[in-house]
Amino acid sequence: MPKAKGKSRRHKYCYNVNRKRLYRSARRRAAPRIACSHIRHAWDPQKSVAQNLAEMGLAGDPNKALPIPKKLLVSGMEAESDGQQPRKKIVRKPYVVNEMELEASLPEKKSNTLSRDLIDYVRYMIQNHGENYKEMARDEKNYYQDTPKQIKRKINVYKNFYPEEYKNFIESLKTEKMEVQ
């Protein structure tokens with residue numbers, strides 16, 4: 001089989017190109033990626049990151065935002081090392097922080113659900129075997145060969161996710177048993 005044409009040609013490395021400088025300058029020009037929509041809408045591309053964050057009332061460096069005062073012991077009394085009062089910064093865009101606090105205070109919606117297959121599996125096991133987990137482990141519908149403890153854990157997960165549905169299911173089983181007797 002013949003060689004590819006371009007493989008026989010020797011590739012030369014250009015030694016006089018500073019690749020670090022090229023990479024650094026490209027990074028400097030790129031705009032920062034902002035995840036929060038409130039900050040993104042209030043962002044001014046003409047200003048630096050520190051200036052933008054200061055206008056919004058946010059901190060770029062958490063150590064400078066809430067400094068821990070260094071205290072010196074001087075003849076039994078505590079005195080601050082710098083002795084200056086921190087000056088107040090002017091917040092020109094306070095609505096950004098207010099919107100972020102409002103969004104953070106909203107309750108988080110639970111999106112945890114169980115698969116329909118798992119729910120059917122658990123209901124089948126409870127319906128046929130009750131609380132006998134060893135029998136459940138030997139059942140032919142136990143395709144994944146779960147141990148009794150694994151089945152018990154799955155049933156407890158179902159109880160925690162759908163407590164009302166579980167109670168209704170157990171009550172319906174009790175009424176079925178009473179009708180049979």
Side-chain angles (χ1 to χ4, degrees), residues 1 4 23-24 26-45 47-69 86 89 91-181:
M1 198 158 136
Y23 176 72
R24 239 183 285 143
R27 287 265 326 230
R28 205 177 304 137
R29 277 181 264 144
R33 281 189 58 131
I34 303 167
C36 181
S37 64
H38 307 298
I39 296 174
R40 190 180 309 120
H41 293 301
W43 195 267
D44 185 8
K47 296 181 181 174
S48 69
V49 174
Q51 289 171 340
N52 271 310
L53 291 176
E55 278 187 358
M56 293 178 212
L58 302 172
D61 185 9
N63 294 324
K64 291 180 182 173
L66 295 171
I68 300 170
K89 295 180 180 177
V91 179
R92 294 185 183 162
K93 300 175 183 176
Y95 60 90
V96 174
V97 174
N98 295 337
E99 289 173 354
M100 289 173 67
E101 286 177 350
L102 182 70
E103 189 177 322
S105 68
L106 294 174
E108 191 172 321
K109 188 176 180 182
K110 286 187 177 180
S111 63
N112 295 340
T113 58
L114 296 178
S115 68
R116 191 74 233 164
D117 294 336
L118 182 64
I119 293 170
D120 294 339
Y121 172 75
V122 168
R123 292 179 128 221
Y124 169 81
M125 290 297 185
I126 293 172
Q127 191 172 12
N128 291 338
H129 306 289
E131 294 288 318
N132 192 344
Y133 300 110
K134 288 185 179 180
E135 269 186 39
M136 291 181 194
R138 283 185 255 128
D139 193 297
E140 63 182 15
K141 289 258 184 164
N142 185 6
Y143 300 125
Y144 298 109
Q145 296 183 352
D146 293 330
T147 63
K149 279 191 175 183
Q150 288 172 327
I151 295 172
K152 185 176 182 179
R153 204 173 301 128
K154 286 182 181 181
I155 292 172
N156 287 335
V157 166
Y158 175 69
K159 285 179 189 177
N160 293 336
F161 273 71
Y162 305 104
E164 294 174 11
E165 188 177 316
Y166 178 76
K167 287 178 187 175
N168 294 338
F169 178 65
I170 296 297
E171 288 175 10
S172 69
L173 288 177
K174 288 180 182 176
T175 55
E176 284 179 16
K177 285 182 182 178
M178 289 183 153
E179 290 173 4
V180 171
Q181 292 174 355

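This one's a predicted model, so the numbers in the text were calculated from it and none came from an experiment. In this chain, numbering begins with 1 at the start of the sequence shown.
- With values rounded to the nearest 0.5 angstrom, M136 atom CE is found 13.5 Å from Q150 atom CD.
- For the atom pair K159 NZ and K152 NZ, the distance stands at 8.0 Å (nearest 0.5 Å).
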Determine all donor-acceptor pairs shorter than 3.5 Å in which one atom belongs to a side chain in residues 55-69; sequence neighbours excluded.
from : atom 1 : to  : atom 2 : distance (Å)
E55  : OE1    : K47 : NZ     : 3.3
E55  : OE2    : K47 : NZ     : 2.3
D61  : OD1    : N63 : N      : 3.3

Given the rule in the side-chain contact (heavy atoms from CB on, under 4.5 Å) test, do L53 and W43 qualify, once you have shown the distances and angles that lead to the verdict?
CA-CA 9 Å; L53 291 176; W43 195 267; 4.3 Å; yes
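- Atom NZ of K154 sits in a crowded spot, with more than 12 heavy atoms from other residues, nucleotides or ligands closer than 6.0 Å.
- Using a 4.5 Å heavy-atom threshold, the side chains of Y158 and L114 count as touching.
- The line from NE2 of H129 to CD1 of I155 is 10.0 Å long, rounded to the nearest 0.5 Å.
- Within the 4.5 Å cutoff, the side chain of Y121 has heavy atoms near those of the D146 side chain.
- Applying the 6.0 Å contact sphere to CD of E164 captures no more than 12 heavy atoms from other residues, nucleotides or ligands.
- Minimum heavy-atom separation, S172 to T175: O-OG1, 2.7 Å.
- Taking CZ of R116 as the start and CG of L118 as the end, the distance is 10.0 Å to the nearest 0.5 Å.
- When side chains are defined from C-beta on, M125 counts as touching N142, because their heavy atoms get closer than 4.5 Å.
- I170 CD1 to Q127 CD: the interatomic distance, rounded to the nearest 0.5 Å, is 10.0 Å.
- In this structure, K141 and N128 have side chains that are not in contact, with every pair of non-hydrogen atoms separated by 4.5 Å or more.
- Shown here is R92, whose CZ atom has no more than 12 heavy atoms of other residues, nucleotides or ligands within 6.0 Å.
- Taken from CD1 in I119 to CZ in F169, the straight-line distance is 11.5 Å, to the nearest 0.5 Å.
- Residues E165 and R123 have side chains in contact (heavy-atom distance under 4.5 Å, counting atoms from C-beta outward).
- Counting only heavy atoms from C-beta outward, the side chains of K134 and R138 approach each other to under 4.5 Å.
- Residues D44 and N52 approach most closely at O-ND2, 2.9 Å, considering heavy atoms.
- A side-chain N or O of E131 and one of Y133 form a donor-acceptor pair less than 3.5 Å apart.
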